[in-house]
*Asks:* 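Please read through the structure below; I'll follow up with questions.
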There are 2 protein chains.
Amino acid sequence: MSRGSSADDNAGRSAGEGALPRRATISDVAREAGTGKTSISRYLNGELSALSPDLRARIEAAIERLDYRPNQMARGLKRGRNRLLGLLLADLTNPYSVEVLQGVEAACHALGYMPLICHAANEIDMERRYLQLLTTYRVEGVIVNALGVPEPMLKPLASGGIPAVLVDRTVDGLDADMVGLDNAAAARLGVEHLLAHGYDDLVFVVQPFEHVSSRREREAAFRACAHGKQGARDVRAATHVLDLREDASVDASLAALDVYIADAARRGARCALFAANAPVALRLALHLKARFGAQWQQHAALIAIDDPEWAELAGITTIRQPTREIGYRAVEFLHERIEGAVLATRAAAFPGELIVRASTPG
Amino acid sequence: MSRGSSADDNAGRSAGEGALPRRATISDVAREAGTGKTSISRYLNGELSALSPDLRARIEAAIERLDYRPNQMARGLKRGRNRLLGLLLADLTNPYSVEVLQGVEAACHALGYMPLICHAANEIDMERRYLQLLTTYRVEGVIVNALGVPEPMLKPLASGGIPAVLVDRTVDGLDADMVGLDNAAAARLGVEHLLAHGYDDLVFVVQPFEHVSSRREREAAFRACAHGKQGARDVRAATHVLDLREDASVDASLAALDVYIADAARRGARCALFAANAPVALRLALHLKARFGAQWQQHAALIAIDDPEWAELAGITTIRQPTREIGYRAVEFLHERIEGAVLATRAAAFPGELIVRASTPG
DNA sequence: CTGTTAGCGCTTTCAC
DNA sequence: GTGAAAGCGCTAACAG
């Protein structure tokens, strides 16, 4: 069964310099161990009970000798499942994404999946391209933090296609599980904090929000809450759009913002800026610092949803999202569906946590 | 050959609601188009010249009708190459990693690869596990930003194994291409900047550096440069280790650092802290702010290698790495080796760029 | 307990 | 031009 000199045909090819040593296959191992592929397969899949101690030892030795590694591609092909999950992130540059990612990784680790991380980098073409790719690689499920732009490519997911769960934002026409922040509650938390600290001039600053559900919800809740709470006081609430994609637009928008601040100042009051997320908050802080210097906090208050690492350093009051949990839960949702659960689409909305810092002095 | 009722065996198992409609295979398409699998394959691979216009049209229609997507796993298995590259990152929490990642993605896009992103999260087990995984998925090459801890699992890469290129740091005993910052030049740039601005008390603050080549090189260059440059002046240079992994150790280390600052102050001078990277810089800035308040810059100068997004906001002088280029070049190196190039291992060291801000007033 | 036999979905000779 | 057949590396019935 085993040809005399078998040990060396391996040495011969991998020895030299940069030659490609063609990895050992299951057949090689079988031959080396003097048995059939089936037994090797059994060994690999932990069906040890069905192997005589002797055979088992020989297999172990052969694997070791050949430095054998089962080919996952082949396995997946045969089994029809590859334990791959797709994670499509709109923008890894946003710490939020990285944190969600960590939660996803933890859950994948726990549940035995391998996440395929894809980064759309805010480009719709990339989003489309990766979605394609994930499909052709036959991932068993996808976690999508979409750009928000209407994207027909996404449709096939929920319907006929792969199980999917949305993170942070919904996608028009896609009926899938969803997990993210309780946006309304978070916005309320922020507004109430500002109101309690005596601010009467509130400006909600947000990126274009028509297509991004989380932004839309935050903005709506801000308005509802700021107006509703007026009570005896004379509260002015406004929404201001800041499109970070184009520098020119940013400058103009920032200049317009200054008007609110100046108006409030004229009235002897301090304006409170409510940033819808970290990227906006950074841009705002940068602007305020450039305009008013290191003491900008005396000219305008700032609060933001999201809690990036620099918030502490800059002393900015924030509403932190339980990002890790969000990622973790997304995988759990997906897992259930992959395992065949048939239930109505669910939504998990986690509460945010207010972290008070120097930017909203009372 | 084909059993009469074939259309419904699909409906049978997945009928319910959100069940899986088993994706169409190449055979399905062939049948639908009334031809053989070979032609479909040819079509998929762009061998259009070998197809009659008629057949071609039928294939196009069939693919469309069945929403067919070729299975990459199967393709890869058959071809022996899957266009997958592994990217193993020590810590995605570090903006540096995300930026390198972006360069890698751009290059992959340009060269037709799909990056498998793996995040070790500073855990050696994770690093090992992902390395295993990448191997079993038969990626064609790996880009490794290693933890630095000696890791035998890495060995198989360069030798018999998969082509690899190291990013930012070397790995003991692994002879592979390497791309990163010109650490010596960067450290020199920083020291010279400080010296030119009149600082005579320099402290280089770095995480444990025995196992991380980039830290080692920066530290060595700092010492060489700071000492060498003394000239007529009386320059004091010291290296201080800050281990960010344990809070207790951080506190103690930070307290010790205060001594340097106090000493310099007693002499009527201001101490200059040189952070070896962004995480250290953040910790330092946080500490200084806690200790001296918003005006901390008057008590100690701070400069750092790396240029995170908050550096501008905090007004910290930095030495920026061309991160995108680093990632891009890594892929190019890998690509050449994958294509079969046999050359001595190379190293690309990119220069850093000094960005002067308020933290190092002259 | 162990091996033989079919394929998974695709590419690729090699004939027609 | 086009298709039939033989696998890529692995698993999963079936026999012994």
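In what follows, every chain begins at residue 1, and chains take the letters A, B, ... in the order their sequences are listed. All of these numbers come straight from a predicted model, not from anything done at the bench.
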*Asks:* More than 12 non-hydrogen atoms from neighbouring residues, nucleotides or ligands closer than 6.0 Å to CG on B:D172, yes or no?
*Replies:*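 12 or below, so no.
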*Asks:* Of all residues at least two apart in sequence or in a different chain, which pass the side chain to side chain donor-acceptor pair (under 3.5 Å) check with B:E127?
*Replies:*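 Applying side chain to side chain donor-acceptor pair (under 3.5 Å) to B:E127 gives none.
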*Asks:* Who are the side chain to side chain donor-acceptor pair (under 3.5 Å) partners of A:D168, not counting sequence neighbours?
*Replies:*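 Scan of A:D168 (side chain to side chain donor-acceptor pair (under 3.5 Å), adjacent residues dropped) gives A:S214.
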*Asks:* For residues B:L87 and B:L89, determine if any side-chain heavy atom of one lies less than 4.5 Å from a side-chain heavy atom of the other.
*Replies:*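 Yes, at least one pair of side-chain atoms sits under 4.5 Å.
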*Asks:* Tell me, please, the opening and closing nucleotides of DNA chain D, 5' to 3', among those with an atom under 4.0 angstrom from a non-hydrogen atom of chain A.
*Replies:*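 So the contact region on DNA chain D extends D:dG9 to D:dC14.
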*Asks:* Using residues 109-118 of chain B as the side-chain source, report each donor-acceptor pair under 3.5 Å to any protein atom, sequence neighbours left out, with the distance given to one decimal.
*Replies:*
unit_1	atom_1	unit_2	atom_2	d
B:H109	ND1	A:R129	NE	3.4
B:H109	ND1	A:R129	NH1	3.2
B:H109	ND1	A:R129	NH2	3.3
B:Y113	OH	B:R83	NH2	3.4
B:Y113	OH	B:H335	ND1	2.7

*Asks:* Any Lys/Arg nitrogen of A:R81 or A:E339 sitting under 4.0 Å from an Asp/Glu carboxylate oxygen of the other?
*Replies:*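 Salt bridge present between A:R81 and A:E339.
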*Asks:* Mind listing the N/O atom pairs, protein and nucleotides 8-11 of chain C, below 3.5 Å?
*Replies:*
unit_1	atom_1	unit_2	atom_2	d
C:dC8	O2	A:K78	N	3.3
C:dC10	OP1	B:Y68	OH	2.5
C:dC10	OP1	B:N71	N	2.8
C:dC10	OP2	B:I26	N	2.3
C:dC10	OP2	B:Y68	OH	3.3
C:dC10	N4	B:K37	NZ	2.5
C:dT11	OP1	B:R75	NE	3.3
C:dT11	OP2	B:S41	OG	3.0

*Asks:* Using side-chain contact (heavy atoms from CB on, under 4.5 Å) as the criterion, list what pairs up with B:D67, not counting sequence neighbours.
*Replies:*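 B:D67: side-chain contact (heavy atoms from CB on, under 4.5 Å) contacts with B:R23, B:R69.
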